[in-house]
2 protein chains.
Amino acid sequence: MATQQILLAGRWQTATATGTFQVENPASGEQLPDVFPISAWSDCDAALAAAVEAQTVLRRTPPERIAGFLNRFAERLEARSAEIVDLAHQETGYPKSPRLADVELPRTTGQLRQAATAALEGSWAMPTIDTKLGIRSCYAALGPICVFGPNNFPLAFNSVSGGDFAAAIAAGNPVIAKANSSHPGTTRLLAEEAHAAVQETELHPATVQLLYRTSHADGEDLVADTRVGATAYTGSRAAGLALKQAADAAGKPIYLELSSINPVVVLPGALAERADKIADEFTASCLMGTGQFCTNPGLVVLLAGADAESFLAEIARRFAAAAPGVLLSKGVARSLAENVQQITRAGAKVIVGGKSMDGPGYRYQNTLLRVEGKRFLAKPEELQTEAFGNASLAVVARDADEAAAVLDRMEGNLTGGIYSDSTGADDALYSQLEPHLRPRVGRLLNDKMPTGVAVSPAMNHGGPYPATGHPGFTAVGIPASLRRFAMLECFDGVRPARLPPLLQNKNPTGRTWRLIDGAWTQADVA
Amino acid sequence: MATQQILLAGRWQTATATGTFQVENPASGEQLPDVFPISAWSDCDAALAAAVEAQTVLRRTPPERIAGFLNRFAERLEARSAEIVDLAHQETGYPKSPRLADVELPRTTGQLRQAATAALEGSWAMPTIDTKLGIRSCYAALGPICVFGPNNFPLAFNSVSGGDFAAAIAAGNPVIAKANSSHPGTTRLLAEEAHAAVQETELHPATVQLLYRTSHADGEDLVADTRVGATAYTGSRAAGLALKQAADAAGKPIYLELSSINPVVVLPGALAERADKIADEFTASCLMGTGQFCTNPGLVVLLAGADAESFLAEIARRFAAAAPGVLLSKGVARSLAENVQQITRAGAKVIVGGKSMDGPGYRYQNTLLRVEGKRFLAKPEELQTEAFGNASLAVVARDADEAAAVLDRMEGNLTGGIYSDSTGADDALYSQLEPHLRPRVGRLLNDKMPTGVAVSPAMNHGGPYPATGHPGFTAVGIPASLRRFAMLECFDGVRPARLPPLLQNKNPTGRTWRLIDGAWTQADVA
């Protein structure tokens, strides 16, 4: 079979390949037929050169055209959904329904449409006008954005269709997408639709480009290249930190979503009140998508006692009863086994699960581990190893002070949650523990599990390092996610006709929110 | 004379010193009497421990109290202004009036008061509420902020009274200030007033701490410490990049203001129309503060022709006629001489000046250099060497295309300006050149010089690397500058009474701007 072509400078072209790769269907272990190229640096270089040209044109492209592309792309994805879902199912092992067809694809098209709306409205750019001093500023496109998508959302976080892609494009930037190596075929289908939508809506043809894979060294050179505006990366911590080091050294912004174990504290009153319900929620959240979510609750903190013991027994029963799902790849299965071993070596005990399963395909037993708070505090780093997949660790703290100490040792996480009872019995404990958790997580939840990341303007899918690279940015939630891919442009004494439309006296849309002399308004400058 | 004490953990204490230092009056070259300690790591460690305690308390401190501190601090500075201005004059050589007493001190107290207003109002935190999904988020204090102030603004950018300090405190963080080594005495006076204001307003006593100096290695360990929230650094590129490397490796945000030559393009029509006026403005902007401004116009781009030649001759005449001001230190004087040499070695010619002046004190001739566009393009990096002080380089481009190529080679700068004629004769050239300049500068000016950085919400005192470390942030301009020292905190399903005041249904001030269900409003949640 011929090697697939890359999308370079506005057309599908044969890559300058240093090698090729294929992927397996993780549910069966069978190799899929398509062959994909590993690009040499010359492909990266050509993509960068084309992206710079695209950027020059995009600077002058009205937001209506960019929004038109995003909407048309969403329509095209819907029109080809059956084929996309089928291939994504083969490449990831995720169920076609509801996961891929009914949840992830609608989320993907919804994000594209929200991004289109944001591009049209312009409020994301936070136009700020000081009429007295004649100074005006707003966020504006930054330049070519490299997007590295993760393995666990083949559509909604795909580098050529997902949240980072939508945000980068809506902010007016061209995208150089690097496919995740575990679902290159799905990515090709998505990129075909993106490219067709680019052509239909007559954006610059290099607005969207796709490489399947590069060497690690070329990836590092790519994110550090002077022609790049910024990079968005979602994936493993090791690979992400290597890219971060390269980008940082070159002074290039890089937004990372690396790893997170999402601690959940279940307080005694909540257990006394509704242990079964919480056990159901925890189990569903842990095992959904075979635990392969960024916000999977990988750590639960309990206060020692009989209720905690029976709660853990209830979870163990549920974990044992549920059929383990397929993992995304051989590599994910191997890492999960290794990480569970690392956690047990550090002193945790397996309550249930803890073993790889026989093939075909890649599965691991639903796994619950347990460690006492004192032991956790002795090896907090090892015991925070992310076991990406269907495994979670319970930390049983002797008392509230020990629970607080456990939370104090938490690395930065995307989320953290506290379950408390509904009558106020847990309120004092909540007040004691919340300050230890709040600064260490991007999103704090009450009485719900962290999986499920709504695309809301109020969402924060971010958090302190090492969950991400900067605690002030979110990867989900429009309009904030767009500002990652923008620079602050100020105009001081610039003549009116030379201002960008967002900063002219007349509100260009009639509904763009602008901060004029300290007040947010949709009105024109008086 | 006894060595000065550091401000540590809420009291003036004897430093654990590895050495001491003194400074000279740069106008006379005479050593000033005060002796300052170089702190060992144990001082940094103690400051960090105390700052963490302060942070815990500040989290619960209402904004009114923080604003009260900032306002009281401003009042105290005014009450002691004569002494502060006198010592700043001795340490920097800047004139007492107008520079220190009438410009910089009022700017300093003005910034503190604007920050107080911002803290009170709360809009800086961008509270964002999604009532349907029950998700609410805002920016919130990040943790102890290390502030490294520059040599060139002993008051308004001082690490213990300047813009970064005011922003960090207003956002709710404690500050560990590292004095600039060229004006430690001034910094001591400012810190005394800050400390007294902390005591009067009963903030946590470690809210403001001061170290005079550390080893480079300890400075790097400081910004990378797990207890730090973020760092703000303004100063030389070499020292800033060393800190950046350390902070980046630890995943700690660091905001840098490093260097900038602030290109100014003067188009032919503007020269034909008002060359004398522009020469006056350019000269004033170049020589103000002996050229020691971050936004000093260090590079002017002209199109070749008789008008350009006579413009340069006019500037040379003005430069020669003006008495050279005092430079901030022996080190600044030495660097200026070295950097002018580097620029000449790369092919520029000295039109006027170019020599160090005899003492007492540190002065350098007002210096104008010149290079042809073609030669600039051959050595663009060397010819963009920042000659911090009263020296500027004119680049004479053969034509507009060459001028565009010159602009394309510009590194990231804080500002860039274009002068054009008032009748439209330069409009085509403006349209051609502006896209080459705009993406490379934070603030674009028309028909004015870049010195003078108004404290406006619309200001951007920032720009692409290496002018700063991230093009999305500004160091001047409230409220945006506060958000550098904040993390995005999201509350998902959190019970109403547990929400921070900014996110509760009732608008806590009645005037905080909040984004509720997509609309900015000062109203309560309906």
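Chain letters run A, B, ... following the sequence lines, proteins first, then strands; residues in each count from 1.
- Residues L444(B) and V494(A) approach most closely at O-CG2, 3.4 Å, considering heavy atoms.
- Atom-to-atom distance recorded for D248(B):CG and L241(A):CG is 11.5 Å, nearest 0.5 angstrom.
- For D447(A), the part lying under 4.5 angstrom from a heavy atom of chain B is the side chain only.
- Taken to the nearest 0.5 Å, the NE2 atom of H436(A) stands 8.0 Å off from the OG1 atom of T56(B).
- Closest of all the heavy-atom pairs between I135(B) and M459(A) is CD1-CE, 3.7 Å.
- Only the backbone of R136(B) comes within less than 4.5 Å of a heavy atom in chain A; its side chain stays farther off.
- No side-chain donor-acceptor contact under 3.5 Å links D492(A) to the backbone of R443(B).
- Side-chain atoms of S137(A) come within 3.5 Å of backbone atoms of A458(B) as a donor-acceptor pair (strictly under, hydrogens ignored).
- Only the backbone of S422(B) comes within contact range of chain A, judged by heavy atoms closer than 4.5 Å.
- Heavy-atom pairs under 4.5 Å with chain B were tallied for S456(A), G477(A), S431(A), G251(A); the largest tally goes to G251(A).
- Contacts with chain A were tallied for Q55(B), E121(B), R60(B), K448(B); K448(B) has the most, counting heavy-atom pairs under 4.5 Å.
- Taking K132(B), R438(B), H470(B) one by one and counting their heavy-atom pairs under 4.5 Å with chain A, the maximum is reached by R438(B).
- For a residue to count as touching a neighbouring chain, one of its non-hydrogen atoms must lie under 4.5 Å from one of that chain's; by this rule P466(B) does not touch chain A.
- Interface check for chain B: of the options D130(A), L133(A), T474(A), the most heavy-atom pairs under 4.5 Å are formed by D130(A).
- Note on L445(A), L515(A), T468(A): by heavy-atom pairs under 4.5 Å with chain B, the leading option is L445(A).
- The contact between E489(B) and chain A is made by backbone and side chain atoms together, counting heavy-atom distances below 4.5 Å.
- Heavy-atom distances place both the backbone and the side chain of S420(B) under 4.5 Å from chain A.
- Of the two parts of F491(B), the backbone and the side chain both hold a non-hydrogen atom closer than 4.5 Å to a non-hydrogen atom of chain A.
- Looking at A140(B), neither its backbone nor its side chain comes within 4.5 Å of chain A, counting heavy atoms on both sides.
- Judged by distance alone, with hydrogens and angles left aside, the side-chain atoms of K252(B) form no donor-acceptor pair with the main-chain N or O of Y465(A) at under 3.5 Å.
- When heavy atoms are compared at a cutoff of 4.5 Å, R483(B) approaches chain A solely by way of its side chain, counted from C-beta outward.
- Chain B forms the most heavy-atom pairs under 4.5 Å with one residue out of G518(A), A519(A), S123(A), and that residue is A519(A).
- Pairing each heavy atom of V441(A) with each of M487(B), the nearest pair is O-CE, 3.3 Å.
- Contact between F473(B) and F473(A) at its shortest, heavy atoms only, is CZ-CZ, 3.5 Å.
- Dense packing is recorded around CZ of R227(B), with more than 12 heavy atoms of other residues, nucleotides or ligands lying under 6.0 Å away.
- Contacts of A497(A) with chain B are absent, with no heavy-atom separation under 4.5 Å from either backbone or side chain.
- Nearest approach of W520(B) to W520(A), heavy atoms of both residues: CB-CB, 3.4 Å.
- Residue R511(A) does not touch chain B at all, counting heavy-atom pairs closer than 4.5 Å.
- Judged by distance alone, with hydrogens and angles left aside, the side-chain atoms of N460(B) form no donor-acceptor pair with the main-chain N or O of C490(A) at under 3.5 Å.
- Within a 6.0 Å radius of CD in Q245(B), other residues, nucleotides and ligands contribute 12 heavy atoms or fewer.
- In terms of heavy-atom pairs under 4.5 angstrom with chain A, the leader among P439(B), P450(B), A454(B) is P439(B).
- In this structure, chain A has a heavy atom under 4.5 Å from the backbone of A250(B), while its side chain stays farther away.
- Heavy atoms closer than 4.5 Å to chain B are found in the side chain of R498(A), but not in its backbone.
- Proximity to chain A is absent for every atom of I418(B), based on heavy atoms less than 4.5 angstrom apart.
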